[in-house]
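Reading through the structure tokens given below for one structure.
Hydrogens, waters and symmetry mates play no part in the numbers below; they use all other heavy atoms, side chains included. Here is how names work: the chains are called A, B, and so on, in the same order as the sequence lines, proteins then strands, and each is numbered from 1.
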Amino acid sequence: MGRRQAKDMNGKQITKLGFEKKAIALALTAATARERAGLGRDDILSELYAVKDNPEAYLSGGVYADLARELAAQNAKNRARQGEALRPTPLPYRIWGEDLIEPGATAQMDVAMRLPISRTGALMPDAHVGYGLPIGGVLATEDAVIPYGVGVDIGCSMMLSVLPLAANGLSTDEARALLLKHTRFGAGVSFEKNVRGDHEVLHEETWREQSILRHLYDKAAEQIGTSGSGNHFVEFGTFSLGQADLDLEAGEYLAVLSHSGSRGFGAQVANHYTKTAQDLHPNLDPAARKLAWLPLDTEAGQGYWQAMNLAGRYALANHDLIHARLARALGVKPLVQVSNSHNLAWKQLVGGEERIVHRKGATPAEAGQLGLIPGSMADPGFVVRGRGNAEALASASHGAGRQLGRKAAANTLAKRDVQAYLRERGITLIGGGIDEAPQAYKRIEQVIARQSDLVDVVGQFTPRVVRMDTGSEDV
DNA sequence: ATGTTC
């Protein structure tokens with residue numbers, strides 16, 4: 001009779017209870033033990049049902065402990081899987097300058113707005129396709145941060161120094177010589193040891209608080225004050241102020257504008273935590289794989305938040321040193337400096353709730369907040385003042401935005417056309433490449449016009465002598 | 001964007 005009962009238990013009953021895979025075997029083992037103890041089939045089934053209903057109550061020991069452990073693990077996995085499911089349709093979000101934005105970028109933003117952690121978002125008029133979140137994307141999440149929602153170049157940022165010198169007070173040759181002497185460009189590049197700069201950011205305790213930061217400290221110290229590659233630049237130009245503002249009189253000033261990020265340090269932080277986030281979400285829809293997030297109440301989430309903010313401060317320190325070297329060489333102190341990060345996440349109140357606002361290639365634009373929106377190596381950039389537009393989560397574009405990808409630019413643009421564009425505007429270029437040609441970017445005037453409800457223009461910067469990294473193909 | 005990518 002006992003054998004018949006065991007055979008029955010082996011049959012439909014256990015699967016009927018909803019056990020799967022490993023749990024079936026564990027349930028059978030436990031059931032057999034209870035049979036030997038003299039229990040009948042119905043009693044055993046009701047015990048199994050109770051274990052399934054509340055495995056946590058059976059974890060501490062007894063004949064059902066192994067089964068309870070397996071069921072608890074399965075429940076946790078199912079909960080995690082549920083938490084990773086994308087919404088069937090994207091949450092609504094507003095787009096500025098939709099006529100300037102390629103469909104691929106809105107498609108990426110749609111995926112971001114289907115994440116279970118997403119709450120609100122917006123797309124800026126310079127938007128174009130990126131990894132994960134599009135460049136020009138603004139995304140507010142709840143209690144979670146997305147490493148690729150910030151971008152690989154954590155803390156990428158802009159700085160302008162308005163100098164107490166006439167706009168024509170520096171010759172092209174002098175400007176060239178200063179840029180060559182005091183800036184360094186290129187992947188992997190650092191400053192020579194005898195001229196390496198120092199900055200308070202390198203003396204923060206933060207570097208000692210996680211292993212990845214300890215590991216990357218030396219690289220950060222070697223590379224501080226450098227400019228990297230791609231679209232990063234340092235340039236001399238003319239800052240034009242139509243009316244008194246920024247504690248300056250109206251007029252034209254010599255100015256320095258730079259675009260730089262957190263170099264190898266930030267890139268390695270981004271890659272490390274992106275991998276951590278992806279490992280944490282193995283069942284995430286492949287469409288959203290690059291948008292894997294870290295819950296802020298986990299050690300990994302806190303670790304990323306700390307490292308991201310350090311990379312943000314480090315990137316601004318790079319600008320500080322670049323501008324300090326050039327001002328010192330000219331024997332002047334800047335009259336005014338403006339700077340802003342455009343690849344970062346911030347804690348921000350959105351509709352009265354605390355959200356994590358990711359800006360990946362977007363300028364913070366709270367009411368009254370100053371920001372910098374460059375055009376291209378040969379087009380004007382703008383100092384802007386935010387209007388605090390709530391639907392844009394108080395944001396604006398971070399530049400003109402690409403209209404041609406790097407390969408497309410190299411394949412379709414003619415060198416002589418790029419040279420003519422530079423010559424017509426009186427631009428002297430050191431380094432640079434065809435993939436950074438002005439023609440590869442949207443028209444900055446159009447991009448600015450599409451966001452008149454996000455920012456007011458304060459002044460204009462016109463580049464004159466520009467240094468960039470050597471591109472894939474010279475101009 | 002970074003040096004050559006788990």
Q. Can you tell me if A:His398 and A:Asn343 form a side-chain donor-acceptor pair at under 3.5 Å?
A. no
Q | Residues in contact with DNA chain B, drawn from residues 400-408 of chain A - heavy-atom cutoff 4.0 Å | A | A:Arg406
Q: Would you please indicate if the ring centroids of A:His342 and A:His259 are separated by under 6.0 Å?
A: yes
Q.
Testing A:Met159, A:Gln369, A:Met158 one by one against A:Asn340 for a side chain to side chain contact (heavy atoms under 4.5 Å, CB included), which residue passes?
A. A:Met158
Q: Could you check which residues of residues 209-224 of chain A get a heavy atom under 4.0 Å from DNA chain B? Sort them by number, please.
A: A:Lys219, A:Gln223
(Q) Under 4.0 Å, counting only non-hydrogen atoms across every strand here, what does A:Ala267 touch: a base, just sugar-phosphate, or nothing? (A) sugar-phosphate
Q | Leading and trailing nucleotides of DNA chain B with any atom under 4.0 Å from heavy atoms of chain A | A | B:dA1 to B:dC6
Q: Would you indicate what A:Gly261 reaches in the nucleic acid, counting non-hydrogen atoms under 4.0 angstrom: base, sugar-phosphate, or nothing?
A: nothing
Q.
Exactly one of A:His128, A:Glu436, A:Gln403 should register a side chain to side chain donor-acceptor pair (under 3.5 Å) with A:Tyr441. Which one does?
A. A:Glu436
Q | Any residue meeting side chain to side chain donor-acceptor pair (under 3.5 Å) with A:Arg416, in chain and number order, not counting sequence neighbours | A | none
Q. Salt bridge check: are A:Asp279 and A:Lys275 linked by an N-O gap of less than 4.0 Å?
A. yes
**Q.** Set of residues satisfying side chain to side chain donor-acceptor pair (under 3.5 Å) with respect to A:Arg313, sequence neighbours excluded
**A.** A:Glu204
Q.
Check the orientation of A:Phe265 and A:Trp207. Use parallel for under 30°, tilted for 30 to 60°, and perpendicular for over 60°.
A. tilted
Q.
Checking A:Gln210 now: which residues fulfil side chain to side chain donor-acceptor pair (under 3.5 Å) with it, not counting sequence neighbours?
A. A:Tyr273, A:Gln306
Q) Just checking A:Tyr131: base, sugar-phosphate only, or nothing, at a heavy-atom cut-off of under 4.0 Å? A) base
**Q.** Side-chain donor-acceptor contact under 3.5 Å, A:His232 with A:Asp469
**A.** no
